[in-house]
Amino acid sequence: MSLPAKYNPQNHEDVIYQQWEDAGAFNPDTSTGTETFTVILPPPNATGTLHLGHAMYVVQDIMVRHARMSGKKTLWLPGTDHAAIATQNRVEKDLAKRTPPLTRYDLGREKFVQQVEEFVEQSRDTIRHQLRTMGFSLDWSRETFTLDAPRQAAVTEMFIRMYHDGLIYRGNRIVNWCPRCQSTLADDEVEYREEITKFYYFKYGPVVIGTARPETKFLDKTIVVHPDDPRYTTLHNTTLTVEWMNGPVQAQVIADATADKDFGSGAMTITPAHSKEDFALAQKYHLPIVQIIDEAGNFTEAAGTFAGQSASASRQTIVDMLASKGLVDHIDDHYTHNLSVCYRCGTAIQPLLSDQWFVHVDQPLPAQHQFAGKTLKQVACEVVNNGSIQIIPDRFTSTYFHWMDSLHNWCISRQLWYGHRIPAWYKDGAITVQVDSPGQGWKQDSDVLDTWFSSGMWTFSTLGWPRQTEDLTTFHPTQVLETGYDILFFWVARMILMTTYALGEIPFEKVYLHGLVRDKLGRKMSKSLGNGIDPLDMSAKYGTDALRMALIAGTTPGNDAKLYEEKIASYRNFITKIWNVGRYILANTNLVGTGLSLSDQWILSRLNRLVMNVNHDFETYQYSLAAERTYDFLWHELADWYVEIKKFEPNPGLLQQVLEVILKVLHPFVPFVTEVLWQEFKPGSMLITAAWPIADAAQIDPVVEQQFVAVQDSVIQLRNLRNQYNISYQTVLSVYSQQLPDSATKTMIEQLAKVSITDQLPIGQLTHLTNSRFDFGVELSVVIDVVAERQRLQKEIIALEKNLASFEAKLNNPDFLAHAPNDLIENTKKLRDEKLTVLAENKSNLSLLPAALQPPK
RNA sequence: GGACGGUUAGCUCAGUUGGUUAGAGCGCCUCGUUUACACCGAGGAGGUCGAAGGUUCGAAUCCUUCACCGUCCACCA
């Protein structure tokens, strides 16, 4: 059976994945390991398809495959997130495209939710397929969904517990309202967009006030000035009658440091129902709070004649009206400010007053709790602070603390139809929180929960909580959470909050944050830019293994990585290389000899060194380094040198041994091609039979490595000489050496450089090879081009002299001799002497050159 | 406004606790139809490590300041 010269991934990947799945190889229940290794997949949103960001899950697959091969009972648990806002928006968008366009209200809640569920079912199928295509070794038997029945039960239970512990409350607060989504948003779901707009200055009694949003100012009757602002000292705590939008109003003046003396006129009026800061002031001074704009973005009755009209559309009318009253002082046309917008749809946020559910992050936990007396916030800080949870890279730790410090109570109710219904029931002003309806006439809260509430429970709800399942005791806490740094706050922080509360333990030991995948120009990949790369396209074109390598190599934790097709193509070449090395070795196993030659000892030393280094890389989460190291070994040591040497040297059966180990080391990165090759010479699936290799330190021999480097150096020198003088490999070059190397080494150099080494002094003059550890000479008569040879020697001499100068400078420096470690000094001396010898030879060659040969005519 | 990250070869990036002559891949140039591989092989050119100071026998690496690019947080009516 002979393998084709090119590896075609499409012929193997699906088959191999199916084999793995059929064998139950991803299910930890089949493992006899005692130590567990658990990773819960960050659930992709059920909004359609996976993108390259999700392809970064490959980091988890590498961790998980490595752990599994190392004998650990390994669980990687898949699932999807219902992503309330995102999914609902997606379906609403589809509805709007229909003829005639539909809204969710046309369908009604029940039918609409049904539509969303159908869409989600379809998405989840696509996602399952994509995750398999990427080769991810997920335990599909434990697949979950944030909105399936067990998770529903868990979320409801959590809400009820937190409510009874006083950690969830209902309150009337300013919230971020998205008029398009018709829902509240958490603080961190609000994004800011810089915008140049008009800034209006109005005459308001004796002061001038500034605003970017005149339409909110109808009922303003409180002026705030800074206590130390000399311009307004006389006004403090007075009440004035001022002419305003709907006629004269009674306005009181408050002195409070919130007012910025240097901004605008230094005086402002406040709008308590539509600004967080103003709301806080209103509470502080017990001012009336009246809503002017409603959930739809229209004026309420409070706006008088404007009631029912769109607030944003009425801005100009209102300004005109004030102008006609002579109340416009001036207008600044180039005011830059940050407009707050919805992170989902980009619509401008309308802050407004509303009854909502909140998680209380500053409420001490009850007496019976593990962390009794501490607040959620404190616990979440503590577990990171004391090292129970480690964030990689470390610098995100301070970001985490900073965010935690400024965390306010978390608004968790969303006015959506799709999601976890809030288990609160109302009747005649009474409220009760429980799973089922208390009885006749009780109405359930119509809101659903923020999607991060359920994903915050992800490490334990997926394992069966609140039931004390075997999975929960076996696999929790998990070892690693691997995700993008962009959701450190959204998700990671909330998982820590909720898990420490629910279980009294951490959700994971390490948080490994990967960077974002960007295009070649460093831009975020997005549909609107059209610069996205579909992982499935790349997988089909270059193979999954190549895509995986491209995603890992050159990426370090927390730093963004660029991905482009050429990079994937170059790793496709690497996969072909693996294939061909494997193919060659498997076809040439019969040339058996005995005893270990220099090259055999060398490859064993290098191989064991590689395993040792890769182990260290895994321990320190440096997957990119591990991948590159292995790449380099396979291509530039095993293939370029060892395999080439074994074409003429007796083979003591090492080739296959080396292949076996290198396939294992490669497997977490490129599971498919390694599995295919494995099955060519081993019974059974690699995934089940291959154990992670152990480095044998006794095989690592620096002396052997050094000896081999000398051979490599000489061969490269000789090849270089050939290239320089255009001497074809058909011509066997005669090389003189006063002392012949041992016969195996002699053969190696002769074969690899296509030369013949002799100790018979030739008739003509010799040119010595720079740096050659074997002190080879080549007869000058074969060097045809005297001018070129002169140039070559001169160049070498200049380089050598430069080197020499730097060594001499060090060695002549008494401080260096006094402070530097001894071996460094010795090494420097040795190098200096070597350079000196070679330099002398080169100079002598140069001086002989014109005498030995006539210059060309 | 506050903080963080980046700046190393034409491009994309490595560079472990300061220590021999700063590396790789791609690209480029020269050569090669040597039966594992042209998705290949051999060789080569190319960098005063963003700038300026400082610490040190010794700095890409540590410290200070600055410049440019990027990101996050906060947000002023």
Side-chain angles (χ1 to χ4, degrees), chain A residues 3 5-7 188 192 199 209-213 216-217 220 224 258-260 262-265 267-271 275-278 337-338 340 393 395-396 398-399 402-403 406 485-486 488-489 515-516 520 522 542 546 553-556 558-564 566-567 569-588 616-617 620 622 624-625 628 631-632 636 639-640 643-644 647 715-716 719-724 726-730 753-754 799-800 802-803 806-807 810 813-821 823-824 827-828 830-832 835:
Chain A
L3 302 170
K6 282 201 170 81
Y7 170 70
D188 45 324
Y192 296 90
F199 193 75
I209 57 153
T211 183
R213 293 173 51 202
T216 64
K217 299 270 151 206
D220 284 12
V224 183
T258 312
D260 181 350
D262 304 318
F263 186 86
S265 63
M268 64 176 180
T269 62
I270 58 169
T271 313
S275 151
K276 237 169 254 183
E277 294 68 36
D278 293 5
H337 82 144
N338 283 321
S340 51
R395 66 184 143 90
F396 282 100
S398 57
T399 320
H402 182 253
W403 186 80
S406 57
Y485 64 76
D486 54 330
L488 178 64
F489 305 141
L516 307 181
K520 201 170 184 176
Y542 299 102
T555 62
T556 41
N559 293 326
D560 292 351
K562 290 172 187 159
L563 191 77
Y564 39 91
E566 299 94 299
K567 188 171 174 185
S570 82
Y571 284 104
R572 186 266 326 267
N573 299 352
F574 174 59
I575 304 301
T576 309
K577 194 73 190 182
I578 300 174
W579 179 253
N580 272 293
V581 169
R583 193 163 76 97
Y584 177 80
I585 290 177
L586 294 178
N588 291 278
H616 176 259
D617 295 337
T620 51
Q622 296 183 280
S624 171
L625 256 185
E628 282 160 32
Y631 173 103
D632 204 57
H636 300 303
D640 287 351
V643 168
E644 289 306 315
K647 285 178 181 172
V715 170
I716 289 168
R719 284 169 174 169
N720 188 2
L721 198 76
R722 258 181 204 288
N723 239 287
Q724 206 131 21
N726 222 343
I727 307 164
S728 151
Y729 279 83
Q730 313 286 4
K754 291 280 176 291
L800 282 165
K802 206 176 136 197
N803 285 174
S806 89
F807 293 134
K810 278 181 190 170
N813 184 345
D815 288 326
F816 176 74
L817 297 175
H819 293 94
D823 55 338
L824 180 66
N827 244 320
T828 312
K830 214 171 97 190
L831 277 165
R832 191 253 328 254
K835 300 288 163 189

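In the text below, chain A, chain B and the rest are named by the order of the sequence lines, each starting its count at 1. All values reported here derive from a predicted model rather than from experimental measurement.
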Is a side-chain donor or acceptor of A:S275 paired with a backbone partner of A:T271 at a separation under 3.5 angstrom?
-> no
Sub-4.5 Å side-chain heavy-atom contact between A:W403 and A:L488 = no
Got a minute to check which stems RNA chain B is part of, using Watson-Crick or G-U wobble pairs under 3.5 Å, three or more consecutive?
-> B:1-7 with B:67-73, B:10-13 with B:23-26, B:28-32 with B:40-44, B:50-54 with B:62-66
Using the C1' atom as the reference point in each nucleotide, state the distance between B:rC49 and B:rA14 in Å, no decimals.
-> 13 Å
Would you classify A:A639 as touching base, sugar-phosphate or nothing, given that sugar-phosphate means primed atoms plus P, OP1 and OP2, and contacts are heavy atoms under 4.0 Å?
-> base
Please give, in whole Å, the distance from B:rG70 C1' to A:D486 CG?
-> 15 Å
Sticking with atom P, work out how far B:rU61 lies from B:rG70, rounded to a whole angstrom.
-> 25 Å
Roughly how many Å is it from CG in A:D823 to C1' in B:rU20, rounded to a whole number?
-> 10 Å
Is the backbone of A:G554 close enough, under 3.5 Å, to the side chain of A:E628 for a donor and an acceptor to pair up by distance?
-> yes
Polar atom pairs between nucleotides 38-45 of chain B and protein, under 3.5 Å, N or O only, would you list them?
from	atom 1	to	atom 2	distance (Å)
B:rC39	O4'	A:N573	OD1	3.0
B:rC39	O2	A:R572	NE	2.8
B:rC39	O2	A:T576	OG1	2.5
B:rC40	OP1	A:N573	ND2	3.3
B:rC40	O3'	A:K577	NZ	3.2
B:rG41	OP1	A:K577	NZ	3.0
B:rG41	OP1	A:W635	NE1	2.4
B:rA42	O3'	A:R719	NH1	3.4
B:rA42	O2'	A:Y729	OH	3.1
B:rA42	N3	A:N723	ND2	3.4
B:rG43	O4'	A:N723	ND2	3.4
B:rG43	O2'	A:N720	OD1	3.3

For side-chain contact (heavy atoms from CB on, under 4.5 Å), just list the numbers for A:Y542 and A:I575, CA-CA rounded to whole Å, side-chain angles, deciding distance to a tenth of an Å, and then say yes or no.
-> CA-CA 9 Å; A:Y542 299 102; A:I575 304 301; over 6 Å; no
Are the side chain of A:R583 and the backbone of A:Y7 linked by a donor-acceptor contact shorter than 3.5 Å?
-> no
What does A:T555 touch in the nucleic acid at a heavy-atom separation under 4.0 angstrom: a base, only the sugar-phosphate, or nothing?
-> nothing
Considering just the side-chain nitrogens and oxygens of A:K810, establish if one lies under 4.0 Å of OP1 or OP2 belonging to B:rU21.
-> yes
For A:H819 and B:rU55, what is the distance between atoms NE2 and P respectively, to the nearest whole Å?
-> 15 Å
State whether A:Y631 and A:K577 meet the cation-pi test: NZ (Lys) or CZ (Arg) under 6.0 Å from the six-membered ring centroid, and within 45° of the perpendicular axis.
-> no
Give the rounded distance in Å between these two atoms: CG of A:N559 and P of B:rG5.
-> 10 Å
Quick one: A:Y564 OH to B:rC11 P, roughly how many Å, whole number?
-> 12 Å
Taking the same atom, P, in B:rC66 and in B:rC73, what whole-Å distance lies between them?
-> 25 Å
Rounded distance (Å) that lies between atom C1' of B:rG58 and atom CZ of A:F807 = 14 Å
When the nearest nucleotide of RNA chain B is assigned to A:E644 and to A:N827 on a heavy-atom basis, which residue is associated with the more 5' position?
-> A:N827
Rounded interatomic separation in angstrom, taking CG from A:L831 and C1' from B:rU20 | 6 Å
If you take all heavy atoms of A:L721 and A:I727, which pair is closest and at what distance?
-> O-CD1, 4.5 Å
Look at A:S624 and B:rA14 and indicate whether a side-chain polar atom (N or O) is within less than 4.0 Å of OP1 or OP2.
-> no
B:rG23 and B:rA9, which share atom name P, separated by this distance in whole Å | 14 Å
Pairwise P distance for B:rG46 and B:rA22, with rounding to whole Å = 13 Å
For nucleotides B:rU20 and B:rA59, find the distance between their P atoms and express it as a whole number of Å.
-> 12 Å
Under 3.5 Å donor-acceptor, A:D560 side chain and A:G515 backbone | no
Does the side chain of A:H636 pick up a donor-acceptor pair with the side chain of A:D640 at under 3.5 Å?
-> yes
Name the closest nucleotide to the A:R583 side chain, picking from B:rG15, B:rU21, B:rC37.
-> B:rC37
Test log, rule side-chain contact (heavy atoms from CB on, under 4.5 Å), inputs A:V715 and A:R719 | CA-CA 6 Å; A:V715 170; A:R719 284 169 174 169; 3.5 Å; yes
Could one point to a donor on the side chain of A:Q622 or the base of B:rA14 with an acceptor on the other under 3.5 Å away?
-> no
Please report the shortest heavy-atom distance between A:K562 and A:K567, naming the atom on each side.
-> O-NZ, 3.7 Å
Given the C1' atoms of B:rG15 and B:rA24, what is the spacing between them in whole Å?
-> 10 Å
A:T828 side chain N/O closer than 4.0 Å to the phosphate oxygens (OP1, OP2) of B:rU20?
-> no
Does any non-hydrogen side-chain atom of A:K647 lie less than 4.5 Å from one of A:Y584?
-> yes
Closest listed nucleotide, where the reference is the side chain of A:Y631 and the choices are B:rG19, B:rC37, B:rG25 = B:rG25
B:rU48 and B:rA60, which share atom name C1', separated by this distance in whole Å = 12 Å
If a protein heavy atom is under 4.0 Å from the base, mark B; if only from the sugar-phosphate, S; if neither, -; do that for nucleotides 71-77 of chain B going 5' to 3'.
-> -SSBBBB
Contact check, side chains of A:I270 and A:M268, non-hydrogen atoms, under 4.5 Å | yes
Nearest whole angstrom, please: distance from the P of B:rG70 to the NZ of A:K562.
-> 11 Å
With no angle test and no hydrogens, is the base of B:rU34 tied to the side chain of A:K754 by a donor-acceptor pair under 3.5 Å?
-> no
Check: A:T576 main-chain N/O paired with A:N580 side-chain donor or acceptor under 3.5 Å = yes
